Each structure stands twice: as C-alpha cells, then as structure tokens.
Amino acid sequence: MTSVVTQAPERKTSQAADFDVLVIGAGFSGLYQLLCLRDRLGLSVQVLEAGAGVGGTWYWNRYPGARCDSESHSYCYSFSDELMREWEWSERYPGPAEILRYLNHVADRFDLKRDIRFNTRVSGSHYDETANLWRVSTDAGDVLTAQFLITAVGCLSSANIPNIAGLDTFEGRWYHTGQWPHEGVDFSGKRVGLIGTGSTGIQAAPVIAETAAHLTVFQRTANYSVPARNAPLTPEFRRYVKEHTGEIRRVMHSTVNGHPWPVADRLALETSPEERQALYEKAWETGGLRFRATFRDLVTDKAANDTAAAFIRNKIREIVKDPATAAKLSDFDHPYAAKRPPIDTDYFETFNRDNVALVDVRAEPIDRITPRGIRTRDVEYPLDIIVFATGFDGMTGSLLRMNIRGRDGLSLAKAWAAGPCNYLGLQVAGFPNLFMVTGPGSPSVLCNMPVAIEQHVNWITDCIAHMRMNGLKRIEPKDEAMDSWVAQVNAAANATLLPQAKHSWYLGANVPGKPRVFMPYAGGMAHYRKICADVAARNYEGFALSA
Ligand code: NAP
C-alpha cells in the first residue's frame, strides 16, 4: 500500500557523519520515520527524544479527561495490514494510556527503541555547508552529526503559559495540561481554577468537577462543542474493522480531513429547515467530529455555518439550566469549526453541578494571580490549584525553540519572522536537507494526524531514496516555489471561514508577538497528497537537488 521504496540499498553512512539521518521526536511521526529509513532504506538513523518513553503528544498530555477526538480505528498507522488487524482498540476514542500502549507495541514489534535516545532534548541544530552536515546539540552537551535532519516534533508540543502577573506568588499548585505530572493530580477537597475552554479545557472540566470541592472555569471565548459519545467498541465493530482494513484506509486517504467518513455531498442552504434540523439532530446523537461533515458548505459559507451555530447554541440552552450561564457559554465570536471544534463528554452538563461556576473573563478580565487565587477586575477567587488549559505555541513553537540555523548561520526564527514560509510544509530555503514532518504549510492539524504523518514520512523516505540512488547530496526548495506555496496556503485558507476566528492558534493569535499567518494548509488532505506526488513525479519540481 505504501509508496515508499521497499528494496533496501546497501547500508552505508557518510564517512564524515555519525548517522545518515537524525530524527527529532519519538511520537507517531518519529517512530514511523525511523522504521522507513532504517528498515526500508537501510540507513543509519538516530532518534532523539526529550521524554523517557515513546508517545510524543500522548507522553506529555495526560491531563484528566484527555482523549483523542479521532476515532480509534483510524487513529493508528495504516502502513501494515497485519498491524491494523492485530491491534484491538477498546473504545471509540482512545485515551493516552491506550495510545501509549499502542505506540509501545509498535516500537517493540518493529524493534525501534534501540535506535532512540530518550531523555535527550535538542538545544541547537546547525547546518555546516562545507561538510554538508547537520550538527545537532543536546542538553547533555553532546553533538551528533548527520546528512539529513528530520523534525518529528509534533504541532502542539510547546506549552503556552500566559504571562499573568503574580503567578510566581501563588501559594497553591499550578499545572499546564500539556506537561501533566505522570503520577496524576489529586483534586479531592480542592478549589480548582481552570483557565481555557479549548478542546483540552472542555475535556478536563467534567472530570475535575467530579472530585474537586469546587471548580471555577475561566472562559475567555465561548466555544462550540458536540458530544463525543464515547463508548466501548462492540465485538461486531471490531470484526468489521479487521475485515475492512483496506476499505477503511482507502476512505481515510480520499477524504478532506483524513477521517474514515466522507463529508456529505449536500448543502445546508439547499436543505429544508425541517430536514436540516433532523440531520443535525442525528449528527448530534451520533456524536464526534462527524457533525462537521453533515453539510459540505459548513466551513465555506457563513450563512450555512450560521445554521450549525444556531443548532449548537440551542442545544447549550436546553442543557444548561441557568440561563445566564447558558448565554455566556453560547456567546460565540467565530463561526463553528473555524477554530478546532472540540467534542466532549458532559461538558455543558457540568455547569449544572452545584460545585461548578463559570467566569466570563471578557466581561470580567483576569487582573492578576495572588497568593490565594485569581483576582479578576471585580472579585478574588480563592483557589488551591490552577490548571492552565491555555494551549500551545502551535506549529512553529516546537521548531523554533530548537535553535535551528541553516546556511550562513541563518536562524529559522529570522527566516520565519513574518510567518512560516516554506515549500509544501516540508522544507525551507536556506536549510538544506532539513525536512519537517507535518510542519506549518501542510494539512497536519486539519487532518486526522496519523494520515498526515504517514503521507509526509512516505514522501520524505521516497525523496531520500531518490537522492541516494542518483548520487544527490543536497535538497532545498527554490525561493519561487516557496513563494508560490505560501500564496497557495493563504488562498486555501481564504476560501474557507477558518481565518475568521480571530483568536485562533491556527493564526498564531494566542501567542503575543507571533505573526498572524494562517499556518496549516486548508486545501484538503487528498488534494495535498496529489500535489506532493505530482511534485515528486516531475523530478522534484520546485526543489534544487545537487550532487
Ligand atoms: P486552545 O485551543 O488554544 O485553547 C486554549 C484556551 O485557553 C482558549 O479557550 C483560550 O481562550 C484560553 N486562554 C489562553 N490564554 C488565556 C488567557 N491569558 N486568559 C484566559 N484564557 C486564555 O488549546 P487546547 O485546548 O489545549 O487545544 C489545542 C489543540 O490541541 C486543539 O485545538 C487540538 O488540535 C488539540 N487537542 C486535541 C484533543 C483531542 O484530540 N481530543 C484534545 C485536546 C487538544 P481564547 O479562545 O480566547 O484564546
């Protein structure tokens, strides 16, 4: 099924380098990249991983309620039919523990851990043009070299902790959800403040509320959410998955978002109000991200989108008993799905509990954190624990913090001062032989991640195989190809409603000082896959390759 070269050429490392390839990160991307390069191309590969184990996002994000919002049978590798058939997921949406078991199973099954250096954080990556090598330094003081450097660092691994005055004076405990203590946090009897109502806060609130003495949710922007309807998988469904691996993969590879269902080919505005309501009701009952696939104009036509927004607003008002709280929870400032749409388990129901309160920090801004809690303009909320569900410096943060420098010492931070310009989300001019897996400029976070990851890893593997077979030593994009791609990324975003969410991390708007540029490619995964395949077929058009 995969397009990567399967005949391993003779194993050979460049004399000057420690390895042929260094890969940073041992999550979904890094593990598969290691497997492809080592076992299919016969290259020497070392993976550097900051964590003590494999898993990437799922190694760090173990906050209460954490759960993937892709359905388990599609949130996995599809490169191996045997792997797809032998692994059994237990629930519709997998939690971190089960995903970590899965990734450890993959790492052990393919004997990957022997080439991963754990507890190793990359502190710098410099390209040496004379030697055509990347020199990668680690926080332990080591320097490793390789001809190719591949970042597999994920899109959401650099925590965004807002700079709220007084945090250092807080006498309780505080945590960011993306750096959650592996031993867990005991909320029993505690007064908890939760800042943030993105996908993470919406998952965490109901679970924290179950044990905390009191939970105060600090909401800046009201967010849409649809019930996930998580449940154990039935034996029939598991059998279906095993018997239809090829078909499931075919659908995932042909859809806009890489999910195992197509977007319905009907328009909200050409459907009668009665039928539209019935279809939304059915999607609400089915649950999950499929809700977004009810009509194909939901993310392109504001009037169509308004019908979905009104439906969800009404649902919130039906669920939440206090009308003032319901009004705050449904006071949306952006179109539905223009921000990543969360799915939840009893999020809105949580606000009916006696021990839960909502604070609208637009109306009542946070002034500072005090030794005793959070003070807004009007009130001090006494707290024992503060949970920051405040997201990430998305897409670029994890790349820029590694101090990557290309030709002539050019830093990636400088090259991207006005936004992450690149070609196909894969490479940046001035940074030869550096590849990014699911970098900005690729569909990545707008897609079911394993689908986006496998496509990138396969493409990079094929590209490196092509170079070695043709005696080519260096690849980087041409400036004009990069300019054209940036224009295509902008055009794809502007053809949708996505840039209308002014506070979205897709736009970098959640991090002060970050350039406001729509980062992921919104033209659809299947279309992007074809663009990349065509570029390769046309002898890597837009890239400069040299011997
Ligand atoms: P997020 O979507 O960026 O949400 C952060 C939240 O914190 C927002 O509500 C934001 O408000 C709020 N916030 C940030 N700074 C604040 C401040 N100074 N004061 C008050 N509120 C503040 O982050 P996230 O929820 O961690 O999700 C990030 C992404 O991770 C998701 O979009 C998704 O791609 C992924 N994710 C996936 C899953 C899953 O698969 N189930 C689960 C969790 C996360 P504003 O909206 O006003 O900025």
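Each ligand, and each atom within it, is numbered from 1 in the order the structure gives. Fair warning: this is a prediction, and the values are worked out from it, not measured in the lab.
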Are Thr307 and Tyr280 side-chain neighbours, meaning at least one heavy-atom pair lies under 4.5 Å? yes
Are Arg229 and Thr286 linked by a side-chain donor-acceptor pair shorter than 3.5 Å? no
Could you establish whether [X] and ligand 1 come within less than 4.0 Å of each other, counting only heavy atoms on the residue side?
X: Trp58; result: no
X: Gln219; result: no
X: Val445; result: no

Nearest-contact summary for [atom] - protein heavy atom, Å:
atom: atom 46 (O) of ligand 1; result: Lys339 NZ, 2.7 Å
atom: atom 47 (O) of ligand 1; result: Thr221 OG1, 2.4 Å
atom: atom 28 (C) of ligand 1; result: Trp505 NE1, 3.7 Å
atom: atom 35 (C) of ligand 1; result: Leu156 CD1, 3.6 Å
atom: atom 18 (N) of ligand 1; result: Pro162 CB, 3.3 Å

How does [X] reach ligand 1, if at all, at less than 4.0 Å between non-hydrogen atoms: by side chain, backbone, both, or neither?
X: Phe392; result: side chain
X: Ser70; result: neither
X: Thr390; result: both

Could you list the donor-acceptor pairs under 3.5 angstrom formed by side chains in residues 334-342, with sequence neighbours left out?
from: Arg340; atom 1: NE; to: Asp69; atom 2: OD2; distance (Å): 3.4
from: Arg340; atom 1: NH1; to: Val445; atom 2: O; distance (Å): 3.3
from: Arg340; atom 1: NH2; to: Asp69; atom 2: OD1; distance (Å): 2.8
from: Arg340; atom 1: NH2; to: Asp69; atom 2: OD2; distance (Å): 3.1

Please tabulate, for side-chain N and O atoms in residues 374-399, each donor-acceptor pair with protein atoms closer than 3.5 Å (sequence neighbours left out).
from: Thr376; atom 1: OG1; to: Glu364; atom 2: OE2; distance (Å): 2.6
from: Thr376; atom 1: OG1; to: Asp378; atom 2: N; distance (Å): 3.3
from: Thr376; atom 1: OG1; to: Val379; atom 2: N; distance (Å): 3.2
from: Thr376; atom 1: OG1; to: Val379; atom 2: O; distance (Å): 3.2
from: Arg377; atom 1: NH1; to: Ala363; atom 2: O; distance (Å): 3.3
from: Arg377; atom 1: NH2; to: Ala363; atom 2: O; distance (Å): 3.0
from: Glu380; atom 1: OE1; to: Arg372; atom 2: NH2; distance (Å): 3.3
from: Glu380; atom 1: OE2; to: Thr370; atom 2: OG1; distance (Å): 2.5
from: Tyr381; atom 1: OH; to: Glu364; atom 2: OE2; distance (Å): 2.9
from: Asp384; atom 1: OD1; to: Arg191; atom 2: NH2; distance (Å): 2.9
from: Asp384; atom 1: OD2; to: Arg191; atom 2: N; distance (Å): 2.7
from: Asp384; atom 1: OD2; to: Arg191; atom 2: NE; distance (Å): 3.1
from: Thr390; atom 1: OG1; to: Asn160; atom 2: O; distance (Å): 2.7
from: Asp393; atom 1: OD1; to: Lys514; atom 2: NZ; distance (Å): 2.6
from: Thr396; atom 1: OG1; to: Lys514; atom 2: NZ; distance (Å): 2.9
from: Ser398; atom 1: OG; to: Gly154; atom 2: O; distance (Å): 3.1

Nearest option to [atom], as decided by whichever heavy atom of [options] sits closest:
atom: atom 4 (O) of ligand 1; options: Gly394, Gly65, Ala501, Gly198; result: Gly198
atom: atom 7 (O) of ligand 1; options: Ala509, Pro342, Ser199, Gly196; result: Gly196
atom: atom 15 (N) of ligand 1; options: Arg220, Met449, Arg362; result: Arg220

Parallel, tilted or perpendicular: ring planes of Trp89 versus Trp87, cut at 30 and 60 degrees: perpendicular
Close aromatic pair by centroid cut-off 6.0 Å: [X] and [Y]:
X: Phe237; Y: His73; answer: yes
X: Trp485; Y: Tyr521; answer: yes
X: Phe28; Y: Tyr77; answer: yes

